Amino acid sequence: MKTAYNLRSIAAQAISQVLDKGLSLSTVLPGLQKNISDKDRGLLQELCFGTLRVLPQLEWCLQQLMAKPLTGKQRTLHYLLMVGLYQLIHTRIPAHAILAETVEGAVALKRPQLKGLVNGVLRQFQRQQEELLPRMSNNDSRHLHPSWLLKRLKKAYPTEWENIVDANNQRPPMWLRVNRLHHTRDQYLDLLNEAQIEAVPHAEYRDALRLVTPCQVNLLPGFAEGWVTVQDASAQGSVDLLDPQDGEMILDLCCAPGGKTTHILEAAPKAQVLAVDVDEQRLKRVHENLQRLKLSAEVKQGDGREPQSWAGDRIFDRILLDAPCSATGVIRRHPDIKWLRRDSDIAELAMLQKEILEAVWPRLKSQGVMVYATCSILPDENSEQITAFLETHPDATLVETGTAEKPGRQNLPHAEDGDGFYYAKLIKS
């Protein structure tokens with residue numbers, strides 16, 4: 001039976017919302033996926049994420065194939081052509097199916113008069129691809145990153161920036177967090193082996209396993225029962241550093257979607273956890289994660305800069321501050337970040353981080369522990385932020401993470417390791 005929707009046109013609409021309206025894929029896709037079958041959902045994600053991953057490459061190709069780009073009301077057709085090119089270059093879908101479905105996309109987008117154009121451009125690419133592909137791999141677009149970000153990466157990591165860019169352009173690995181309330185990591189590894197799912201333990205983070213080949217969560221033993229959670233290894237590292245203990249009062253600030261909240265409770269089930277986030281919508285995910293894992297925390301909506309509004313007069317034994325950031329360490333999971341962020345955002349984010357740090361530090365008990373974490377790889381948000389904080393807070397001591405000259409620990413994204421992530425562990429004297 002033929003489906004009533006055209007996936008290529010839906011992908012083009014999603015990409016248009018990202019590039020023209022500044023919305024993230026994670027905001028756009030749930031609404032567009034509502035009436036789509038599970039099988040097609042995976043393909044839709046592949047088309048959207050893949051197209052945004054290699055966007056400059058596709059833009060360059062279209063410049064070679066068309067005298068002038070489609071603009072205005074026809075802009076969505078420009079993105080439809082990109083989706084078509086992405087499939088021809090990067091997927092194994094048969095070319096005849098790609099052409100038929102992408103041309104039909106013009107009809108679904110209510111531009112039937114442009115079917116011929118879509119067909120013509122894609123066929124022209126097929127004729128010229130042997131000449132175009134080598135040129136595409138050798139021009140300025142090959143790094144697949146905006147120029148402002150490349151400039152920052154080259155400055156911060158003069159010898160490593162190419163490895164970072166390469167890692168950002170790969171598909172992300174799938175990491176699991178074993179729920180230690182149910183199994184040790186080795187016990188769960190045995191369960192995966194029995195299910196013929198190959199996995200590798202992380203060398204450092206105690207609950208983390210990497211799947212050699214990503215799979216659907218419903219194939220994971222005990223997923224519905226809460227035995228395991230999908231969470232990147234580097235994100236897990238922040239709770240290992242926090243080292244929560246039973247009986248303590250713990251604040252998880254900027255907590256959505258709840259991965260770290262639930263990890264704290266798996267590590268210290270008798271801790272009292274207050275989980276706070278500014279985004280009401282994303283807090284729904286926190287509740288869902290707590291429910292699936294049968295854990296409980298106090299969850300509140302609130303601004304990190306105004307702790308009196310959500311904490312009252314409470315002070316905490318430990319605080320995990322997963323600060324709002326540029327998310328430049330998780331580009332391989334969210335390629336839209338490359339096109340949503342602007343260079344000017346970095347200074348604004350660094351100021352916001354500083355304000356939150358200043359506001360919540362007084363909420364930490366004497367001898368209490370704070371872990372400051374971001375999923376960024378930019379020094380402005382990380383080591384420079386903590387250097388400045390230590391200079392103005394003599395009651396803060398850096399422990400276990402870096403040195404006074406280079407405070408904190410910076411993980412860089414790596415194909416067989418976690419995402420880009422920064423941690424600094426501070427003790428209050």
Side-chain angles (χ1 to χ4, degrees), residues 6-16 18-20 25 43-72 74-109 111 113-151 153 161-171 331-332 335-339:
N6 178 280
L7 278 187
R8 278 73 181 173
S9 69
I10 297 170
Q13 287 170 294
I15 291 161
S16 163
V18 172
L19 299 178
D20 298 337
L25 273 182
L43 177 55
L44 177 63
Q45 289 185 353
E46 164 67 22
L47 297 177
C48 294
F49 281 84
T51 299
L52 289 169
R53 190 172 286 126
V54 298
L55 190 73
Q57 216 179 52
L58 304 173
E59 237 4 314
W60 180 85
C61 270
L62 283 179
Q63 283 167 8
Q64 315 309 307
L65 296 166
M66 298 174 75
K68 56 178 200 253
L70 295 167
T71 54
Q74 296 176 344
R75 190 66 183 162
T76 315
L77 269 291
H78 181 82
Y79 302 131
L80 180 68
L81 282 166
M82 283 187 170
V83 171
L85 287 176
Y86 172 73
Q87 296 167 86
L88 288 170
I89 300 169
H90 293 283
T91 72
R92 294 178 182 166
I93 301 168
H96 65 88
I98 293 169
L99 263 75
E101 286 295 323
T102 309
V103 168
E104 273 308 303
V107 180
L109 291 168
R111 292 280 183 281
Q113 71 277 22
L114 293 175
K115 278 171 71 171
L117 173 78
V118 173
N119 188 44
V121 170
L122 295 180
R123 286 192 183 279
Q124 190 187 341
F125 172 77
Q126 285 182 298
R127 287 192 296 273
Q128 295 182 14
Q129 63 181 346
E130 281 184 27
E131 180 247 330
L132 284 173
L133 292 177
R135 283 172 58 208
M136 184 179 78
S137 314
N138 288 313
N139 66 32
D140 285 346
S141 72
R142 70 185 183 280
H143 295 306
L144 310 178
H145 280 55
S147 56
W148 71 265
L149 183 53
L150 280 176
K151 196 171 156 189
L153 293 177
W161 70 270
E162 284 179 285
N163 293 337
I164 294 169
V165 164
D166 188 47
N168 285 349
N169 294 336
Q170 305 302 319
R171 290 160 191 274
I331 283 171
R332 60 187 183 177
D336 48 348
I337 287 165
K338 294 187 286 191
W339 319 116

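What you see below is based on every heavy atom in this structure, not just the backbone, and it leaves out hydrogens, waters and symmetry mates. Here the structure is a predicted model, which means the values were calculated and not measured.
Heavy atoms only, all atoms of each residue included: Phe125 and Cys61 are closest at CE1-SG, 4.1 Å. In this structure, Asn6 and Ala108 approach most closely via the heavy-atom pair CB-CB, 3.8 Å. Summarising the geometry of Trp60 relative to Ser141, their closest heavy-atom pair is CB-OG, 4.2 Å, with the distance given to 0.1 Å. Pro56 and His145 get closest at one heavy-atom pair: CG-N, 4.5 Å. For Thr102 against Ile98, the heavy-atom pair with the smallest separation is OG1-O, 2.6 Å. Nearest heavy atom pair, residue Arg75 against residue Pro69, reads NH1-CB, 4.3 Å.
The closest side-chain donor-acceptor pair between His143 and Gln57, if any, does not fall under 3.5 angstrom. Side-chain contact check for Asn119 and Arg123: at least one donor-acceptor pair (N or O, by modelled atom type) lies under 3.5 Å.
Within 6.0 Å of the CD atom in Glu131, the count of heavy atoms belonging to other residues, nucleotides or ligands exceeds 12.
Side-chain contact check for Leu109 versus Leu114: every heavy-atom pair is 4.5 Å or farther apart. Leu132 is not listed as a side-chain neighbour of Met136, based on a closest heavy-atom distance of 4.5 Å or more. Residues Leu99 and Gln126 meet the side-chain proximity criterion, which asks for heavy atoms closer than 4.5 Å. No side-chain heavy atom of Leu65 sits less than 4.5 Å from a side-chain heavy atom of Leu81. With contacts defined as side-chain heavy-atom distances shorter than 4.5 Å, the pair Ile89/Leu58 qualifies.
No side-chain donor-acceptor contact under 3.5 Å links Lys338 to the backbone of Ile331. Put simply, the side chain of Thr51 gets close to the backbone of Leu47: a donor and an acceptor are under 3.5 Å apart. Not one N or O on the side chain of Asp166 forms a donor-acceptor pair closer than 3.5 Å with the backbone of Glu162.
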Does Arg332 form a side-chain contact (heavy atoms from CB on, under 4.5 Å) with Arg53? I'd like the steps, not just the answer.
CA-CA 8 Å; Arg332 60 187 183 177; Arg53 190 172 286 126; 5.8 Å; no
Run the side-chain contact (heavy atoms from CB on, under 4.5 Å) check on His96 and Glu101 step by step: do they pass?
CA-CA 9 Å; His96 65 88; Glu101 286 295 323; over 6 Å; no
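Residue Leu52 holds its CG atom at 11.5 Å from CG of Leu144, rounded to the nearest 0.5 Å.
Taking 4.0 Å as the cut-off between side-chain N and carboxylate O, Arg171 and Glu46 count as a salt-bridged pair.
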